[in-house]
Amino acid sequence: MREHYERLIDGCRILMLDIPYSVEDLCNITVDLVERNRHVSDIYIRPLAYKSEELVANLKLQELSSDFTLITVPFGNYLGSDRLRCCTSSWRRVDDPMIPARIKACGIYINSILAKTEATIAGFDEAILLNHDGHVSEGSGENIFMVKKGIIYTPPLEDNVLGGITRDTIMQLAGAELGMEVQARTIDRSELYLADEVFLSGTAAHLTPVIELDCRPIADGQPGPITSQLQRMYFDIVVGNNPKYLHWCTQVRQPIAAT
Ligand code: PMP
């Protein structure tokens, strides 16, 4: 949770959103709301920092007051499949000098929505976007990883990707638990076709294998062994079943069952 809010505050700095809360405050507000809403299923937590001035036609961030809101809603399987058939999008990822992809800004999701819509209308589960240079950036709402000859690769943040918290988690786990080399480096589209394994990562998407890209199977078209190992580890950790990584989880009080 802390890392998510650190990223939100970074985004606020870029967008001159001066919200009156620290990372600590935002974490406390979140735990409080989750407890009050008494959820009994998996949920989605959606914080939003926004410009709150009651004014129209003012594009000057420095003149507009800011505020913060938070909702929590029950949430199921985001991607709708546990093995993904993806396509390369005809839409390109937004470029840093246009709208920085490293911030999680609502407007950027127009880019994601165009790509996701195109992909799903064409019968695929998810879109992989290339950046302005034609290199692989990420999914519409997920970071991407490729395994090739025992090394794990993911595009660097400079290739117009969001600094995913799950991306970071997986990079750490692959090194610490599987002893694997993990490299953030530019990836070509055609490298993905020839990868041993490809998977996507995100808070909503968890860690999900890509079994096919542009109608070409990835390796034998089945989830790969490293993906499966990381996936099992990740699922265990996020539900608090691995004591070693309990510090990555935040505990909330359980709602009392209705009688
Ligand atoms: N890229 C994009 C465009 C996203 O919307 C998301 C989801 N937040 C991610 C990557 C994954 O980030 P995280 O692991 O922090 O959820």
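Below, all heavy atoms of this structure are taken into account, side chains as well, without hydrogens, waters or symmetry copies. Atoms within each ligand, like the ligands themselves, are counted from 1 in listed order.
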Do you reckon [X] sits in the same ILVMFWY cluster as [Y], going by side-chain contacts under 4.5 Å, direct or chained?
X	Y	result
Tyr78	Val73	yes
Leu129	Val210	no
Val198	Tyr153	yes

Ile108 to Val94 - nearest heavy-atom pair and separation: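 Taking Ile108 first and Val94 second, the nearest heavy atoms are CG2-CG2, 4.0 Å.
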
How far apart are the closest heavy atoms of Arg167 and Pro155, and which atoms are they?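 Residues Arg167 and Pro155, closest heavy atoms: NH2-O, 2.9 Å.
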
Would you mind telling me if ligand 1 is within reach of the side chain of [X], the backbone, both or neither, using heavy atoms under 4.0 Å?
X	value
Arg7	side chain
Arg93	side chain
Thr203	both

Run the salt-bridge test on [X] and [Y] with the 4.0 Å N-O cut-off and return the result as yes or no.
X	Y	result
Arg216	Glu212	no
Lys116	Glu126	yes
Lys51	Asp67	no

Assess [X] for proximity to ligand 1: is some non-hydrogen atom of it under 4.0 Å away?
X	result
Ala205	no
His206	no
His4	yes

What residue and atom, counting heavy atoms only, is the protein's closest point to [atom], and at what distance?
atom	value
atom 14 (O) of ligand 1	Thr166 OG1, 2.6 Å
atom 5 (O) of ligand 1	Tyr109 OH, 2.4 Å
atom 2 (C) of ligand 1	Glu138 OE1, 3.5 Å
atom 12 (O) of ligand 1	Gly164 CA, 3.4 Å

Enumerate the atoms of ligand 1 whose separation from the nearest heavy atom of Gly202 is less than 4.0 angstrom.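 Every atom of ligand 1 under 4.0 Å from some heavy atom of Gly202: 11 (C), 14 (O), 16 (O).
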
I'd like to check which ligand 1 atoms, numbered from 1 as shown, lie under 4.0 Å from a non-hydrogen atom of Ile165.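 Near Ile165, meaning under 4.0 Å from one of its heavy atoms, ligand 1 has 13 (P), 14 (O), 15 (O).
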
Do Thr72 and His39 have side-chain N/O donor and acceptor atoms under 3.5 Å apart?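 Yes, side-chain donor-acceptor contact under 3.5 Å.
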
Polar-atom distance check: Lys104 versus ligand 1, any N or O pair below 3.5 Å?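 Between Lys104 and ligand 1 (N or O atoms, distance only) the closest approach is under 3.5 Å.
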
Among Gly141, Ser201, Ser140, whose heavy atom sits nearest atom 6 (C) of ligand 1?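 The option holding the nearest heavy atom is Gly141.
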
